Protein chains: 2
Amino acid sequence: MNKKVTLKQIARELDVSISTVSKALKNSKEISEDTREKVQAFAKLYNYKPNNIALSLKNRKTKTIGVIIPEIVHHFFSKVIRGIELYANNKGYNVIVGLSNESFDKEVINMDMLANGSIDGFILSISKETLLQQDYHHFNETINQGMPIVMFDRVVKEINCDKVVVDDFKGAKIAVEKLIENKCKNIALITTKDYVNVGRYRTQGYISALEEYNIMPQPNLILKVDDESLTEYNLVSLENEIKDLFMGNPEIDGVFAVNEIYAITAMKIARKLGKEIPDDIQVIGFTDGVLSKHAIPGLTTVSQHGQRIGEKAAELLIERIENEYFTDNFQTVVVETELIERESTK
Amino acid sequence: MNKKVTLKQIARELDVSISTVSKALKNSKEISEDTREKVQAFAKLYNYKPNNIALSLKNRKTKTIGVIIPEIVHHFFSKVIRGIELYANNKGYNVIVGLSNESFDKEVINMDMLANGSIDGFILSISKETLLQQDYHHFNETINQGMPIVMFDRVVKEINCDKVVVDDFKGAKIAVEKLIENKCKNIALITTKDYVNVGRYRTQGYISALEEYNIMPQPNLILKVDDESLTEYNLVSLENEIKDLFMGNPEIDGVFAVNEIYAITAMKIARKLGKEIPDDIQVIGFTDGVLSKHAIPGLTTVSQHGQRIGEKAAELLIERIENEYFTDNFQTVVVETELIERESTK
DNA sequence: TTTTAACACGAAAACGTTTTCGAAACATTT
DNA sequence: AAATGTTTCGAAAACGTTTTCGTGTTAAAA
């Protein structure tokens, strides 16, 4: 077993000092060409690579960034991670991933684990529980210790940091306008409870589009899904809520849903009730994941460009890290959405 | 800005030595109760947390594990990561993620970045390109340097390490047997080219099931998809290949596909050709992702239990790390598959 | 020949910990 | 009073780097 070789070992073997070896490997002019070649040859032979941990300690920089997301088995978040990885790697940074699993406690624990020297900065999206409790002390504390944070998607204005967000309002509005232009007269909204900002903004976009066209929003056409009882493996409660929506309002001829699952499920229920898509009901979702693309019929949807969000977040963070002015002029970058039209609309 | 406080600062402030502070914080009996309390109070006040990098350097243990996968925007891989994270976090380990993007070079670069002290061990799944080139020197070198590796899913027998695999053969066989028992007489197979082992084993399972029932495998019913031209955004070549399969062999009444996309696409094409599912054609896929669950009709599929694979891999790795006998008696753990029946079979 | 400059290298500090060992201060036993 | 034991603490080494500064040697200039 060839244990990793260190400067000290090379130095001893070649009968020079550690400093000489270090300098020789960096091609310092201080060292004679003779010794330089000797050292470099030896180092290459034994495949010397400087120890990252020692470098981190010396430089007080780890060249790694911490990412904390609520969930990884999720098309949007994994795309964001891909974007972060891509950009970070190009800049020579590594990425540590932590999952909060939508729990406040796990979010705090994860941040604690990483905030003690392991990383140079955070990229994160807030867990639902934290959003509910509105307890942001852990974010403020880390920022206060001089560690930069970039938030994405689920952000909160109380926190002073760079942010990368989707224009949920506009994305939703454009989608609903599309439905209106496609002659939908009674457009239902399937959304989440209000505490997740993202859902709230999308709801506002829906309302705004209707008002733009002088259509009175109908409360009975708005379904706020109770996702407490909703698990990855149990969709029946969702199905029942949507079924009730359709049965109670047979006039519905358009649906805007704030995520893929709701949209797909709406299509499924509609067809069970004998409605044709897009002839009887047109549907638009949010998030361009695998479901939208492979649904039958293909789901028209609002794409958030997750990867671009990740790249941008990484860019902002690394910029802060390398230019140590993390005190003010924080920016909020808005990544535009895009309506991807498929067969669920006319 | 409250920069992080160190032992040295506490020591200076309290006019004791660094050693005393360190011991006091660890409740060492060496230190008088007086000073212990004083130090602890001060440390708490300033929210002292030991610097992880310094600890890593001292202990020559980083308490983090590196994961390298070909792709993260992928249901199976993200489930595996979730499993790894879950187990690792419980044991106090962090997880660094690297993406090879199916490229040999990126795989090597990623491993190099991490192998120099940043992590204590690797969990990885080999990229397609590496599988093609059959160049495994980077794995052997890291193992040789005393860094343990656990491989999962896409493994290769030439490498001496712990492995966690799915019983692809058995999973496929059971699926095809199910089709046979459901009275399918002409079962097609949609698979990948042979160099990805996983695809090969599934193909063998298909053949074996047929032979078990004395059915002669028909070469024209086996479609090896050319995924060169296949991208995330371009499925037409796949669709055409499958269409040709169905048109050329109208007797097909069952399909076993080695992944979700192939299966879903097969259902889609079949229906376009006027076939009813499951009445005219029954379909079974591999991998229990969102697509299978939300497809209409729901896709019967072979679940691989990605999360369990991740947990098991993390368990094996941490076991090796903490018991430093990474020299022999490597095990290969097989995680059983499970046939999840939905509406695409009778 | 003496002074100065250039060259080649090493010692040591620093990053933040933990831990071993030695030693002062005090208390207890003979 | 002397010997021994206990308590409480600090110095220093170690982990693996980089970098500053000092110094001895040699070559060039006066």
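In what follows, chains are A, B, ... by sequence order, proteins preceding strands, each numbered from 1. Remember, it's a predicted structure, so these values are computed and weren't measured experimentally.
Of the charged side-chain nitrogens involved, none lies within less than 4.0 Å of a carboxylate oxygen, so that A:E322 and A:K91 do not count as a salt-bridged pair. Checked for salt-bridge contact, B:E311 and B:R82 miss the test: no charged N lies under 4.0 Å from a carboxylate O.
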Annotated protein contacts, base or backbone, on nucleotides 7-15 of chain C with a non-hydrogen cut-off under 4.0 Å, one of B, S, - each: -BBBBB-BB
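Rounded to an integer number of Å, the gap from CG of B:L55 to P of C:dT18 is 5 Å. For B:N116 and D:dG16, the CG to P distance is 13 Å, given to the nearest whole Å. In this structure, CD1 of B:I10 is placed 11 Å from P of C:dT18, rounded to the nearest angstrom. Computed from coordinates, the B:K26 NZ to C:dT19 C1' distance equals 10 Å when rounded to whole Å.
Note: A:Y136 and A:F139 have parallel aromatic rings, judged against thresholds of 30 and 60 degrees for the angle between ring planes. The aromatic rings of B:F152 and B:F77 stand perpendicular to each other, their planes meeting at an angle above 60°, with 30° marking the opposite boundary.
Residues in residues 92-130 of chain B take part in these ring pair (Phe, Tyr, Trp, His ring centres under 6.0 Å) pairs, two or more places apart or across chains: B:F104-B:H138.
Axis angle across the helix from C:dT1-D:dA30 to C:dT30-D:dA1, with five pairs used at each end and values rounded to 10°: 80°.
Atom CD1 in A:I96 sits 4.5 Å away from atom OG1 in A:T64 (nearest 0.5 Å). Distance check: B:Q307 CD to B:K312 NZ gives 14.5 Å after rounding to the nearest 0.5 Å.
With no hydrogens or angles considered, a side-chain donor-acceptor pair links B:S17 and B:T20 at under 3.5 Å.
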